[in-house]
Asks: 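Okay, handing you the structure first.
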Amino acid sequence: SRGQPPENLRKFARKAMKNKRLTLQELKVSKILDNLEIPYEKEGVLTLDGMEFFFEFLIPNAENPKIVIECKRAEAKDKRNLRIIGYRIAYETGYKSYLIHKNFPLIKVIVIVDHNQENLPQRVSKILKNETDVLLINQKETEISSILKTLCRELG
């Protein structure tokens with residue numbers, strides 16, 4: 001990467017993101033979208049305030065986005081670690097969501113969070129609920145499917 005112009009580095013990063021293997025959570029969501037026959041773009045890029053941001057799924061695509069889906073996984077050893085990971089997820093997602101709503105006010109932001117502890121910390125949940133349109137925490141495939149189906153029907 002040394003001596004490469006920034007445009008080339010961005011192009012290589014986009015290629016790498018497009019070809020990366022899906023996580024289990026992303027695989028689950030992509031299967032749901034395929035089963036519902038909802039067109040989507042994997043690892044879509046949106047330019048928000050002059051910066052490029054990657055999103056796991058853009059429905060239908062980056063040129064005409066209506067729904068943005070972010071998949072987050074919090075694998076923690078204990079509640080303290082979950083709180084730290086949760087805050088990182090909340091603030092990152094909150095910032096992206098703020099920029100999306102600022103640049104594209106009609107887009108719906110869906111965040112799907114899976115974690116391995118009993119509960120997500122209350123403050124983390126509150127931040128995520130305030131910053132996103134739909135928050136799904138440890139939801140089953142059928143629940144995710146029904147919510148996506150209703151949202152896509154509403155937005156056309």
Asks: Please round to the nearest 0.5 Å and tell me the distance separating atom CD1 of Ile38 and atom OG of Ser145.
Replies: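 The OG atom of Ser145 is 7.5 Å from CD1 of Ile38, to the nearest 0.5 Å.
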Asks: Check the pair Tyr91, Ile127 against side chain to side chain contact (heavy atoms under 4.5 Å, CB included), reporting the backbone distance first and the verdict last.
Replies: CA-CA 8 Å; Tyr91 290 119; Ile127 292 168; 3.6 Å; yes
Asks: I need the minimum non-hydrogen distance between Leu58 and Gly44, along with the two atoms involved.
Replies: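 The answer is CD1-CA, 3.5 Å.
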Asks: Can you tell me how far apart CZ (Arg153) and CG (Leu148) are? Round to the nearest 0.5 Å.
Replies: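 Going from the CZ atom of Arg153 to the CG atom of Leu148 covers 11.5 Å.
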Asks: Treating Ile, Leu, Val, Met, Phe, Trp and Tyr as nodes and any side-chain heavy-atom pair under 4.5 angstrom as an edge, say whether Tyr98 and Phe53 lie in one connected cluster.
Replies: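 They do share one cluster, since a chain of ILVMFWY contacts under 4.5 Å joins Tyr98 to Phe53.
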Asks: Is any side-chain heavy atom of Pro39 closer than 4.5 Å to one of Asn61?
Replies: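 Sidechains of Pro39 and Asn61: no contact.
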Asks: For residues Phe57 and Glu43, determine if any side-chain heavy atom of one lies less than 4.5 Å from a side-chain heavy atom of the other.
Replies: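 Side-chain contact under 4.5 Å: no.
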Asks: In Å, rounded to the nearest 0.5 Å, how long is the span from OG of Ser125 to CG of Leu135?
Replies: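 These two atoms lie 6.5 Å from each other.
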Asks: Would you compute the distance between atom NZ of Lys108 and atom CD1 of Ile69 and round it to the nearest 0.5 angstrom?
Replies: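 CD1 of Ile69 is found 14.0 Å from NZ of Lys108.
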Asks: Between Ile107, Asp133, Ile59, which is the residue that forms a side-chain contact (heavy atoms from CB on, under 4.5 Å) with Ile67?
Replies: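 Only one of Ile107, Asp133, Ile59 forms a side-chain contact (heavy atoms from CB on, under 4.5 Å) with Ile67, namely Ile59.
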Asks: By the definition side-chain contact (heavy atoms from CB on, under 4.5 Å), identify the one residue from Ile32, Ile112, Val134 that meets it with Ile147.
Replies: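 In the set Ile32, Ile112, Val134, the residue that makes a side-chain contact (heavy atoms from CB on, under 4.5 Å) with Ile147 is Val134.
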Asks: Check for me, please, whether Val113 and Tyr87 land in the same ILVMFWY cluster - side-chain distances under 4.5 Å, paths through other members count.
Replies: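 Same cluster: Val113 reaches Tyr87 through Ile, Leu, Val, Met, Phe, Trp or Tyr contacts under 4.5 Å.
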Asks: Do the side chains of Ile84 and Tyr95 join up, straight or via other hydrophobic residues, at under 4.5 Å, putting them in one cluster?
Replies: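 Unlinked, Ile84 and Tyr95 end up in two clusters.
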Asks: Roughly how far, to the nearest 0.5 Å, is the CG atom of Leu128 from the CD1 atom of Ile137?
Replies: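 One finds 6.5 Å between CD1 of Ile137 and CG of Leu128.
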Asks: When clusters are formed by joining ILVMFWY residues with side-chain heavy atoms under 4.5 Å apart, either directly or through shared neighbours, do Leu46 and Leu106 land in the same one?
Replies: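 Leu46 and Leu106: separate clusters.
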Asks: Please tell me if the side chains of Val109 and His101 come closer than 4.5 Å, counting only heavy atoms from C-beta onward.
Replies: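 Heavy-atom side-chain distance check passes, below 4.5 Å.
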Asks: Could you pull out all residues at least two apart from Glu75 that satisfy salt bridge (charged side-chain N to carboxylate O under 4.0 Å, His left out)?
Replies: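 Expected list: Arg73.
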Asks: Backbone N or O of Val45 within a donor-acceptor pair of the Glu52 side chain at under 3.5 Å?
Replies: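 Flag not set: sc Glu52 to bb Val45 has no pair under 3.5 Å.
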Asks: Please report the closest heavy-atom contact between Ala74 and Ile89, naming both atoms and the distance.
Replies: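 Smallest interatomic distance, heavy atoms only, reads CB-CD1, 4.1 Å.
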Asks: Output, in order, the C-alpha distance, side-chain angles, deciding distance and verdict of salt bridge (charged side-chain N to carboxylate O under 4.0 Å, His left out) for Lys72 and Asp114.
Replies: CA-CA 6 Å; Lys72 300 295 180 187; Asp114 285 337; over 6 Å; no
Asks: So Lys140 and Glu143, do their side chains get closer than 4.5 Å, heavy atoms only?
Replies: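 Yes, their side chains come closer than 4.5 Å.
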Asks: Do the non-hydrogen side-chain atoms of Ile110 and Leu151 ever get within less than 4.5 Å of each other?
Replies: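 Yes, close enough: below the 4.5 Å cut-off.
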Asks: Determine, for Phe55 and Lys96, whether the Lys NZ or Arg CZ falls below 6.0 Å from the six-membered ring centre while staying within 45 degrees of the axis.
Replies: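 Yes.
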Asks: Taking the side chain as every heavy atom from C-beta outward, state whether Lys42 and Ser30 have any pair of such atoms under 4.5 Å apart.
Replies: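 Sidechains of Ser30 and Lys42: no contact.
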Asks: Please check this pair: side chain of Ser97 against backbone of Thr93, looking for a donor-acceptor N/O pair closer than 3.5 Å.
Replies: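 Looks like no, no N/O pair under 3.5 Å.
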Asks: Testing the basics here: between Glu56 and Cys71, what is the closest heavy-atom pair and its distance to 0.1 Å?
Replies: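 Nearest heavy atoms, Glu56 then Cys71: OE1-N, 3.2 Å.
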Asks: Rounded to the nearest 0.5 Å, what separates atom CG in Leu136 from atom CD1 in Ile144?
Replies: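 Taking CG in Leu136 and CD1 in Ile144, the distance rounds to 6.0 Å.
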Asks: Among side-chain atoms of Asp34 and Tyr40, is any donor-acceptor pair under 3.5 angstrom?
Replies: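 Side chains of Asp34 and Tyr40: pair found under 3.5 Å.
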